[in-house]
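Just so it is clear: chains get the letters A, B, ... in the order the sequence lines come, proteins before strands, and each one is counted from 1. Reckoned from all heavy atoms, side chains included, excluding hydrogens, waters and symmetry mates. In this text, all values refer to a predicted model and were calculated from it rather than measured experimentally.
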2 protein chains.
Amino acid sequence: MSDSDVDLPESIELAWGLRERPGKGPKRSLTLEQVLAAGIRVAEADGLAAVSMSRVAGELGVATMSLYRYVPAKHDLLELMADAAYGPPPEVRRPDEGWRPALARWAAGNIAAIHRHPWIRHVPVGGPPMGPNGVRWLEHGLAALRGTGLRADERVSTVMLVSGYARNWASLTADITEAAARAGQSAEELGVRYWQRLERLTRGGSYPEIRQLLTESVVENAEEFDAEWRFGLDRLLDGVEVLVAGRAAG
Amino acid sequence: MSDSDVDLPESIELAWGLRERPGKGPKRSLTLEQVLAAGIRVAEADGLAAVSMSRVAGELGVATMSLYRYVPAKHDLLELMADAAYGPPPEVRRPDEGWRPALARWAAGNIAAIHRHPWIRHVPVGGPPMGPNGVRWLEHGLAALRGTGLRADERVSTVMLVSGYARNWASLTADITEAAARAGQSAEELGVRYWQRLERLTRGGSYPEIRQLLTESVVENAEEFDAEWRFGLDRLLDGVEVLVAGRAAG
DNA sequence: TAGCTTCTGCGTATGGTCTACGCATTAAAG
DNA sequence: CTTTAATGCGTAGACCATACGCAGAAGCTA
């Protein structure tokens, strides 16, 4: 109870529903959930850049300033929207499931969440996860590593490593997909274009490795897109496995 | 020569100095380098949020709209600033150097660059690297993997994997460092606070793994900060090594 | 040398952004 | 019934990016 009053950021208390509502004044006309849902609706429709306080308020049929009774600042609105949009993590690791498939499933869930709400990647992250869903995701990620013999800090680092990779990869592919949509081309065409451009830029300069790359075929079609994701994930999990195996032996 | 006219984004042509300057009108009073340097100066002093067109123009003693003669839009200014701030990559792999230490050095250089200019992490990335420095970094990253038997797409994926990890880790630590500076606390204290907060939030809920974590010590001091970085990197490189060794054998 | 063309810097104006402040209204507590 | 606190929100201030157009500078051509 000495640390019962660890002070939390206001937006986090809001998200967890820890704000006492003494119910003195008039009844509130909205809930935080409604505000977040409206923000998400706007982001889904027109991208994160379209999420302005006035636009979200308009979506709810209230005045702009009313939102500030539900959220301390726009930045908090965005963070809370992201946490809400992530949704619940994939099912926890089953008793009969190995750590590796479990972690792979968790990573895939991460990708899926970002691809389901591509605007999430533009929400600036501010520190480690503390939102309700963020904490649940952390919990399930750690659950995948139970019984591996990894130390506490190693388990945390591993989960961060995997989620970081998932986020990066999802961001990159979403960037390409959106750029392709904007240009009216396929993602495949756009991938080819990148290497054409690199070819043009490295002409005349001293870029032996890149020039070498261009002689081998680096073309990617849609199926190899997924293969690329799995390549990185396999590298990552192989690296973890080396450690796990070493711990089990030593 | 059929692909001699691959069209490049305007900002990229600008950065590479590929814009013909027919020299018809009056002499320009600035160079792109000066504009970028001014923007970087502002970001360095007051953060990326302080970088507005008018502020950068003021720094240079010109009118706001004059900047648009050097840069198509603010977004391009930021991208170009980031590319310039990265600077040249670490020395290429030496002939006697193994791929693993070379890639580790390259990764460390990545970290150093972001820590030298912490605002870089807030510049929204838009696709694969095409700026002059971005391409040079790519070149040196690939050079570390020469002779490993990895295919072209595998080399590229590996480099992306490592740079992504470096960026993520540098971002996280920079977030913590800045938050600590704002709160007048040490990064160590703030790390402890995170776990205290997590303890508070997971009380009463169903978070067995996180609760378990809290019983083991997850405290990090400044030295373990660096150990955490190395842990992730070792996992990553171990994973690559498994593949490289397999290729050498098979 | 005269005129034409093109490029420069930049003043003005438009339509946005976030949010501090204060006020009238509502509802519960004493 | 009075006191107290919380709500919705109108107004206003301080920014922001950038479209447009113009006056002047510099080179090219005749």
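- Computed from coordinates, the A:Tyr68 OH to D:dA6 C1' distance equals 19 Å when rounded to whole Å.
- Along DNA chain C, the nucleotide nearest to A:Gly25 and the one nearest to B:Leu30 differ in position, and the one closer to the 5' end is contacted by B:Leu30.
- A pairwise comparison of heavy atoms in B:Ser163 and B:Trp106 identifies CB-CH2, 3.6 Å as the closest pair.
- Note that CE of A:Met81 is 9.0 Å distant from CD1 of A:Ile120, once rounded to the nearest 0.5 Å.
- Across all strands shown, B:Arg28 has heavy atoms under 4.0 Å from sugar-phosphate atoms exclusively, and none from any base.
- Comparing A:Arg69 and B:Ala49 against DNA chain D, the residue whose closest nucleotide sits nearer the 5' end is A:Arg69.
- Atoms NE2 (B:His75) and P (D:dA17) sit 14 Å apart, rounded to a whole Å.
- Distance CZ (A:Arg19) to C1' (D:dA6): 13 Å, rounded to an integer number of Å.
- In the 5' to 3' direction, nucleotides of DNA chain C lying under 4.0 Å from heavy atoms of chain A begin and end at C:dT17 to C:dA29.
- Minimum interatomic distance between B:Trp229 and B:Ala108 (heavy atoms only, all atoms of both residues): CZ2-N, 4.2 Å.
- Looking at heavy-atom distances under 4.0 Å, A:Thr64 makes contact with a base.
- B:Leu77 places its CG atom 14 Å from the C1' atom of D:dT18, with the value rounded to the nearest Å.
- One atom, CG of B:Asp76, and another, C1' of D:dA17, lie 13 Å apart when rounded to the nearest Å.
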Task: side-chain contact (heavy atoms from CB on, under 4.5 Å) evaluation trace for A:Glu79 with A:Asp83 - done: CA-CA 6 Å; A:Glu79 274 191 0; A:Asp83 186 77; over 6 Å; no

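- With rounding to whole Å, A:Met65 atom CE is found 10 Å from D:dG10 atom C1'.
- Comment: B:Glu189 does not engage B:Arg193 in a salt bridge, judged by the lack of any side-chain N to carboxylate O separation of less than 4.0 angstrom.
- Considering B:Val162, B:Asn110, B:Leu172, B:Val125 in turn, B:Val125 is the only one that fulfils the side-chain contact (heavy atoms from CB on, under 4.5 Å) rule with B:Arg167.
- The side chain of A:Tyr70 has D:dG8 as its nearest neighbour among D:dC16, D:dG8, D:dG21.
- Classification of the B:Trp169-B:His115 ring pair by plane angle, with boundaries at 30° and 60°, yields tilted.
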